[in-house]
Amino acid sequence: MTGVHCFTSFTYTYLSRARVLAQTLRRVHPDWTLWALIVDELPQGVSADEAHAGFDRVVFARDLGIPSFDSWIFRHDLVEACTAVKGPMLAEMLRQGCDTVVYLDPDIAVFSSLDGVLARLDDGAILLTPHQIDPNDTQSAIADNELGSLRHGIYNLGFIAVRNGPEGRRFARWWADMLRRSCYDDPAAGLFTDQKWCDLVPAFFDGVRVERDPGCNVASWNLSRRRVEIGRDGGIRVNGSPLKFYHFTKINAYGDAMTERYADGNPHVHEIWHWYKRAIAAQEMPGIPQGWWAYGRFDNGMAVSKAMRLPLRDDLGLVTSFPQPLRSGPGSYFDWLLREKPELVRQSATGFVVMGMHRSGTSALAGWFGGRDVCAGDRFIQASQDNADGYWEHEELVTLNDLLLSAAGTDWSTVDTVSGQDMQRAGAPLADRAATFLTDLARARPLWFMKDPRLCRTLAFWQPHLDALPVRICYLHVVRDPWSVARSLARRDGMSAAHSHLLWAMHNLEAEAQTRGRHRVWLQFDAMIAGGDPVVLAAIRQHLPEGIVPAGEGIEGPTIRANLVRAAGPAGAATEAPFDIGRLYNLLGALTQNDGQASLLAELDAMRVQITTQILTYRSLLLDDERDDLRARATAMAIQAQERLDLWRQTDEQLRIVTEQRDRVLRLLQEQRDQ
């Protein structure tokens with residue numbers, strides 16, 4: 001196949017970048033043949049014709065003839081996989097007779113002709129571009145760039161060109177073999193995907209050419225020594241040379257920061273950078289799921305972390321035992337992980353346990369998850385007039401918690417203390433049912449939640465079952481001021497302020513004690529309502545499993561809405577509380593910033609002792625009130641009984657008098673007849 005053939009390697013998540021590459025390359029080199037090497041499988045419902053438009057040839061990595069492909073690709077994360085296939089693809093294209101093969105990363109855009117660059121292959125076999133062509137002279141730039149090149153490779157393999165000849169084919173076979181063996185991001189072992197191998201190329205092969213044109217492979221790692229200028233004619237020059245291609249690596253906060261650091265206030269760099277962001281946004285294809293990679297999840301839906309891939313790199317016996325490691329179920333590699341390395345599975349899935357006193361905003365937080373399809377299809381209790389947006393409480397969870405509290409001799413609204421041991425004993429008959437509920441809830445889900453304010457009281461029963469799951473558990477505590485909670489409970493349940501305040505303190509203190517030392521996040525209701533989605537995302541992001549972000553991310557779907565405040569109104573004064581509940585509210589609020597601070601936790605422990613004493617006193621007062629009430633009721637009943645008795649006596653006397661009068665009348669009548 002005559003002419004120049006250019007290929008790029010990508011997954012469908014990077015399709016928009018690959019489209020921009022194809023578009024810009026086609027504009028400059030319409031005669032080149034463009035190949036797409038797709039390290040993925042087409043998502044269901046996505047049109048192949050539409051997805052592959054702009055490319056002349058499409059090859060799937062699975063079709064490159066790599067032995068034991070399923071277990072081989074499983075050993076690589078996404079970046080490793082997309083680079084590991086470059087060598088086999090190059091070798092295959094040369095085998096098919098392509099005259100010259102160029103590889104370009106999908107996050108590259110071409111701005112001017114590469115003919116002069118490829119002319120270097122007229123008397124050569126392999127063409128490379130180094131990360132840097134000029135040394136830096138500041139400590140920070142040397143640390144970022146020179147030391148970066150020593151760690152990651154002298155040459156940037158976002159570009160490589162090979163001429164089809166004996167030496168080019170020999171290089172391609174060698175590189176393909178090395179990448180099939182070890183293409184990992186493991187600097188400690190001397191590896192950085194495909195790049196470090198090519199440090200050896202000038203020593204191993206003849207005809208190696210190094211392109212030092214400053215207009216090639218411009219990127220954040222060499223901006224410190226390259227001056228980019230956009231002329232009045234629209235032409236872009238770098239250190240006086242026309243810009244050939246720009247490498248837009250890491251279009252994210254990290255890339256923005258590196259560009260800002262080394263662009264040195266150059267508006268032309270920022271203009272190019274923002275042009276690229278707009279270009280890839282315009283090339284986004286609807287229908288491709290967020291974060292899609294066909295080899296990135298087990299067939300049960302759980303994401304495969306890099307740590308899960310490592311055992312198959314280190315143990316060839318596992319490769320033989322599990323030829324299709326993405327499968328789950330009995331006898332699978334996933335089953336082996338659950339049994340032998342459950343901590344790896346735990347890191348790849350998160351269960352959020354939403355906790356807090358009733359009427360504190362737990363439904364708003366749980367609804368935030370539910371509205372983003374977390375736990376989609378589960379059975380939740382129905383919304384009501386008191387909570388029109390829904391409670392987002394699993395029916396089975398609420399039922400089990402009610403049974404637990406009843407077996408322990410209490411309920412959610414009773415102010416009393418039940419020890420963790422007593423709660424576990426009360427729940428013993430429900431253990432199997434609870435374990436089944438949690439297993440079903442967590443199965444095949446990288447992310448799920450459970451919510452019920454009763455958990456503040458029943459958590460001692462649930463925690464052993466939660467700990468047994470191969471899932472990272474994170475507790476989300478929502479704290480709302482007790483005065484607003486009391487007013488809400490007074491409206492809904494007719495509850496007194498003193499009773500509500502003690503319930504609020506008891507629920508929050510028990511929840512804090514049970515989750516201390518575990519993964520947890522504290523959210524203040526007012527901050528959550530005022531800040532909305534960004535506050536929630538900031539709080540939970542570090543606890544999300546790798547590669548998982550709830551859909552919407554503040555753009556679509558339900559949001560935390562400010563009008564949820566309608567249920568409360570402004571906070572009341574601390575004088576309404578039966579003890580220093582304002583101090584407790586402030587301590588719980590301080591946990592949002594200082595969770596784990598010894599002095600803070602010690603003061604909470606002291607407050608727990610105080611509230612326990614207060615509850616005992618309150619219960620004693622309740623018992624006295626109950627006895628007084630019984631006496632009053634007995635007295636009232638006695639009075640009523642006496643009144644009834646007196647009435648009966650009066651009635652009997654009146655009946656006796658009437659009867660006597662009747663009898664006299666009857667005798668007189670009889671006497672008259674006898675006369």
Side-chain angles (χ1 to χ4, degrees), residues 8-11 14 37 39 61 64 66-91 103-107 126-132 142-160 162 170-205 208 210 217 219-222 247 249-250 254 258 293 295-296 304-319 325 341 344 347 546-547:
T8 189
S9 171
F10 60 94
T11 69
Y14 267 62
L37 172 56
V39 193
L64 285 176
I66 297 172
S68 304
F69 178 81
D70 290 309
S71 61
W72 177 84
I73 200 165
F74 184 90
R75 300 196 290 273
H76 302 78
D77 66 22
L78 187 148
V79 173
E80 293 168 344
C82 286
T83 51
V85 295
K86 287 158 60 174
M89 180 68 172
L90 172 63
Y103 172 80
L104 289 171
D105 266 352
D107 53 1
I126 305 159
L127 180 61
L128 300 170
T129 56
H131 283 99
Q132 301 162 253
I142 291 170
D144 282 338
N145 299 307
E146 273 83 341
L147 294 182
S149 292
L150 291 175
R151 283 192 302 270
H152 302 128
I154 296 170
Y155 307 102
N156 180 259
L157 269 294
F159 168 90
I160 188 173
V162 178
R170 189 168 75 90
F171 159 73
R173 290 192 297 269
W174 170 82
W175 197 37
D177 188 40
M178 294 303 102
L179 299 188
R180 280 192 294 261
R181 293 171 183 266
S182 295
C183 183
Y184 304 128
D185 182 357
D186 188 4
L191 296 172
F192 182 69
T193 61
D194 59 330
Q195 287 188 168
K196 287 290 286 182
W197 289 111
C198 285
D199 285 356
L200 300 170
V201 169
F204 285 179
F205 301 97
V208 178
V210 177
N217 229 340
S220 59
W221 54 73
N222 52 43
H247 199 155
T249 187
K250 294 182 174 62
Y254 177 81
M258 292 299 292
W293 187 37
Y295 308 120
V304 183
S305 68
K306 187 168 184 176
M308 290 177 173
R309 301 178 188 276
L310 297 181
L312 267 75
R313 295 183 188 179
D314 302 331
D315 188 343
L316 293 179
L318 292 176
V319 175
K341 295 183 179 294
L344 298 185
Q347 294 168 3
E546 181 180 339

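Just so we're clear, the structure is a prediction, and the values are computed from it rather than from any experiment.
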Can you check whether [X] reaches [Y] side chain to side chain, under 4.5 Å on heavy atoms?
X: Asn156; Y: Pro130; result: no
X: Thr8; Y: Leu37; result: no
X: Thr11; Y: Tyr295; result: no
X: Ser68; Y: Val319; result: no
X: Val162; Y: Leu90; result: yes

Verify the distance criterion only: is there a donor paired with an acceptor across the side chains of His131 and Asn145 at less than 3.5 Å?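 Short answer, no.
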How many angstroms lie between atom [atom1] of [X] and atom [atom2] of [Y], to the nearest 0.5 angstrom?
X: Met89; Y: Ile66; atom1: CE; atom2: CD1; answer: 11.0 Å
X: Arg309; Y: Tyr184; atom1: CZ; atom2: OH; answer: 11.0 Å
X: Asp194; Y: Ile160; atom1: CG; atom2: CD1; answer: 8.5 Å
X: Thr249; Y: Asp105; atom1: OG1; atom2: CG; answer: 8.0 Å
X: Tyr103; Y: Leu157; atom1: OH; atom2: CG; answer: 9.0 Å
X: His247; Y: Leu104; atom1: NE2; atom2: CG; answer: 9.0 Å

Please report the shortest heavy-atom distance between [X] and [Y], naming the atom on each side.
X: Ile154; Y: Asp199; value: N-OD1, 2.9 Å
X: Phe205; Y: Phe171; value: CE2-CA, 3.5 Å
X: Leu318; Y: Pro311; value: CD1-O, 3.7 Å
X: Leu64; Y: Pro88; value: CD1-CB, 4.2 Å
X: Ala172; Y: Ala91; value: CB-CA, 3.9 Å
X: Val39; Y: Val85; value: CG2-CG2, 3.7 Å

Of all residues at least two apart in sequence or in a different chain, which pass the ring-ring contact (aromatic ring centres under 6.0 Å, His included) check with Trp197?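 Per chain and number, Trp197 pairs via ring-ring contact (aromatic ring centres under 6.0 Å, His included) with no residue.
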Atom pairs and distances, side-chain donor-acceptor, residues 74-83, under 3.5 Å, sequence neighbours left out:
unit_1: Arg75; atom_1: NH1; unit_2: Ser71; atom_2: O; d: 3.3
unit_1: His76; atom_1: ND1; unit_2: Trp72; atom_2: O; d: 2.8
unit_1: Asp77; atom_1: OD1; unit_2: Val79; atom_2: N; d: 3.3
unit_1: Asp77; atom_1: OD1; unit_2: Glu80; atom_2: N; d: 2.9
unit_1: Glu80; atom_1: OE1; unit_2: Asp77; atom_2: N; d: 2.9
unit_1: Glu80; atom_1: OE1; unit_2: Arg313; atom_2: NH2; d: 2.5
unit_1: Glu80; atom_1: OE2; unit_2: Asp185; atom_2: N; d: 2.8
unit_1: Glu80; atom_1: OE2; unit_2: Lys306; atom_2: NZ; d: 3.2
unit_1: Glu80; atom_1: OE2; unit_2: Arg313; atom_2: NH2; d: 3.2
unit_1: Thr83; atom_1: OG1; unit_2: Val79; atom_2: O; d: 2.9
unit_1: Thr83; atom_1: OG1; unit_2: Glu80; atom_2: O; d: 2.9

Let me see the working for Cys198 and Trp175 under side chain to side chain contact (heavy atoms under 4.5 Å, CB included), right down to the final yes or no. CA-CA 8 Å; Cys198 285; Trp175 197 37; 3.6 Å; yes
Between Asp177 and Arg181, does any NZ, NE, NH1 or NH2 come within less than 4.0 Å of an OD or OE carboxylate oxygen?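 Yes, charged N to carboxylate O under 4.0 Å.
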Pairing residues for Phe204 by the side-chain contact (heavy atoms from CB on, under 4.5 Å) criterion, not counting sequence neighbours: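 Counting only residues at least two positions away or on another chain, Phe204 forms a side-chain contact (heavy atoms from CB on, under 4.5 Å) with Trp174, Leu200.
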Above 12 or not: heavy atoms from other molecules or residues under 6.0 Å from CZ of Phe159?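 Yes, because the 6.0 Å sphere around CZ of Phe159 holds more than 12 heavy atoms from other groups.
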Between His152 and Trp221, is the ring centroid distance below 6.0 Å?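 No - the distance between ring centres of His152 and Trp221 does not fall below the 6.0 Å cut-off.
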